[in-house]
Protein chains: 2
Amino acid sequence: MLESGVVRERADAARNRLRVLAAAERLFAARGVAAVTMDDIVAEAGVGKGTLYRRFGDKGGLAMALLDERERELQQRMLRGAAPLGPGAAPGARLAAFVQAYLDLVVAQVDLVVLSETSAPGARLRTGAHAFWRQHCRYLLAESGAADPDLRADLLLAALAAEQIRHWVNDEQRIPADLAEALSNVAQLLAQP
Amino acid sequence: MLESGVVRERADAARNRLRVLAAAERLFAARGVAAVTMDDIVAEAGVGKGTLYRRFGDKGGLAMALLDERERELQQRMLRGAAPLGPGAAPGARLAAFVQAYLDLVVAQVDLVVLSETSAPGARLRTGAHAFWRQHCRYLLAESGAADPDLRADLLLAALAAEQIRHWVNDEQRIPADLAEALSNVAQLLAQP
DNA sequence: TGACGAAGCGGACTGTGGTCCGTTAATGTC
DNA sequence: GACATTAACGGACCACAGTCCGCTTCGTCA
């Protein structure tokens, strides 16, 4: 027993986790998310199917793992970064900054985020990341003196669902920057009492 | 040639369409939407699989067909029914009435609506019904003098996505009536300039 | 170093949504 | 009523997500 309490990841498990992530990233980049099957990934990674599923649960879990790094980075900027995204600015301004930053993150990897939010019914609302965004919006809305901040946070995040964003950007050809501004404005409205 | 222009539905096609709808309704009621497979429906209806798919496209299409009647009824009430849902009332009041009525409709058949909105990625935003709700909200928001009515209509409808409503009602145990009121209030806010 | 327990492995297998295409029969014509 | 046309039928078939479980390998301890 080297570790205390927490069981350390076994060497072969770590190796395979990285292999799978690398393979998935490669294939998604090469063919697009929709055209890649779990069998493809397994073959490319040179591992068994059980290995993939043991580690990532399902297709959405794999997508979440691939997004994890960028999401955590944004979360850090929100908690400890510079204003207006980080602490220091007025809650309304922070909310607008969050909308902008989150939109950027989603637009950069729409298909992957869609996958992570739609693999299972209700997946979007159950992720740890979603709980974080929600908590943050609730807090900022409450700080702004908004009525019913809980509901309004959900409303704002519903508008930021990946499928909605993909629809706006891909199907309706909206410019992400304009969209970010328009949504920031609505966020200001929601921050009203 | 008995018909002019429009090709009439063939007798066997009509019979099978009704058989499938009846079978689906029966099975969904008996076992719950999630526990019924397309093979189950085909077996219960006594038709072939190709028949089902030729007519309804996919699982979501079948769900939409089952919802169609109630949706069309609500649409009629919106267009020609009594105020405040129908014409006559102030746009803000009509919007609130729509939110209430739509929520009722969804809550009454959540699982079916979820199915219709999630069978294919982006399905929700592509249905004819969605275009109708959207058009109506846009119109009422514009009439209220709201800024950016297009975006705000999308925002409101995003909050009324079936998965979101199911989450609020089933997972968070919100009372539909309270939810309807809270969402109506937010709709009022969105109707602001 | 050898042996043991358990975490991890991997691929055959299953369930289900959706497609394909040869066959059947409803409809309109003469 | 016989015939031609063609929409509609239906079930074998396919693809792919996800499961199961006997086997392997890792890490530990004596």
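Proteins get letters first, then strands, A, B, ... in listed order; numbering begins at 1 in each.
- Under the rule for a side chain to side chain donor-acceptor pair (under 3.5 Å), the partners of Glu44(A) that lie at least two apart in sequence or sit in another chain are Arg26(A).
- Rounded to whole Å, atom C1' of dC16(D) lies 12 Å from atom CD1 of Ile41(A).
- Arg10(B) is linked by a side chain to side chain contact (heavy atoms under 4.5 Å, CB included) to Asp12(B), Ala13(B), counting only residues two or more places apart in sequence or in another chain.
- In this entry the distance linking CZ of Phe56(A) with P of dT19(D) reads 15 Å, nearest Å.
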At under 4.0 Å between heavy atoms, which parts of nucleotides 10-19 of chain C does protein reach? Answer with one letter per nucleotide, 5' to 3': B base, S sugar-phosphate only, - none.
BBB---SBBB

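- Every residue meeting the side chain to side chain donor-acceptor pair (under 3.5 Å) condition with Arg134(A), not counting sequence neighbours, appears here in chain and number order: Asp154(A), Glu172(B).
- Between His136(B) and Tyr139(B), the ring planes lie tilted relative to each other; the angle falls in the 30° to 60° range.
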Please list every donor-acceptor pair under 3.5 Å in which a side-chain atom of residues 81-96 of chain B meets a protein atom from a residue at least two apart or in another chain.
from: Arg94(B); atom 1: NE; to: Leu85(B); atom 2: O; distance (Å): 3.2
from: Arg94(B); atom 1: NE; to: Gly86(B); atom 2: O; distance (Å): 2.9
from: Arg94(B); atom 1: NH2; to: Met78(B); atom 2: O; distance (Å): 2.9
from: Arg94(B); atom 1: NH2; to: Leu85(B); atom 2: O; distance (Å): 3.4

I'd like a table of atom pairs between the protein and nucleotides 3-5 of chain C - only N or O on both sides, under 3.5 Å - with the distance next to each one.
none

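- Fit an axis to the five pairs at each end of the helix from dT1(C)-dA30(D) to dC30(C)-dG1(D) and the two axes sit 0° apart, to the nearest 10 degrees.
- For Asp178(B), the salt bridge (charged side-chain N to carboxylate O under 4.0 Å, His left out) test picks out no residue, with sequence neighbours left out.
- Distance Glu9(A) CD to dA6(C) C1': 16 Å, rounded to the nearest Å.
- dT27(C) atom P lies 7 Å from atom CG of Asp12(B), rounded to whole Å.
- Listed by first and then second residue, the salt bridge (Lys or Arg N to Asp or Glu O under 4.0 Å) pairs that reach into residues 13-22 of chain A are Glu9(A)-Arg17(A), sequence neighbours excluded.
- Asp39(A) meets the side chain to side chain contact (heavy atoms under 4.5 Å, CB included) test with Thr37(A), Lys49(A); sequence neighbours excluded.
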Give every donor-acceptor pair under 3.5 Å between a side-chain atom in residues 159-167 of chain B and any protein atom, sequence neighbours left out.
from: Glu163(B); atom 1: OE2; to: Gly122(A); atom 2: N; distance (Å): 3.0
from: Arg166(B); atom 1: NH1; to: Asp111(B); atom 2: OD1; distance (Å): 3.1
from: His167(B); atom 1: ND1; to: Asp171(B); atom 2: OD2; distance (Å): 2.9

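- Closest heavy-atom contact between Glu117(A) and Ala123(A): O-CB, 3.7 Å.
- Within the structure, ring pair (Phe, Tyr, Trp, His ring centres under 6.0 Å) contacts touching residues 28-72 of chain B (residues at least two apart or in different chains) do not occur.
- Going from atom CZ of Arg17(B) over to atom C1' of dA7(D) covers 15 Å, rounded to whole Å.
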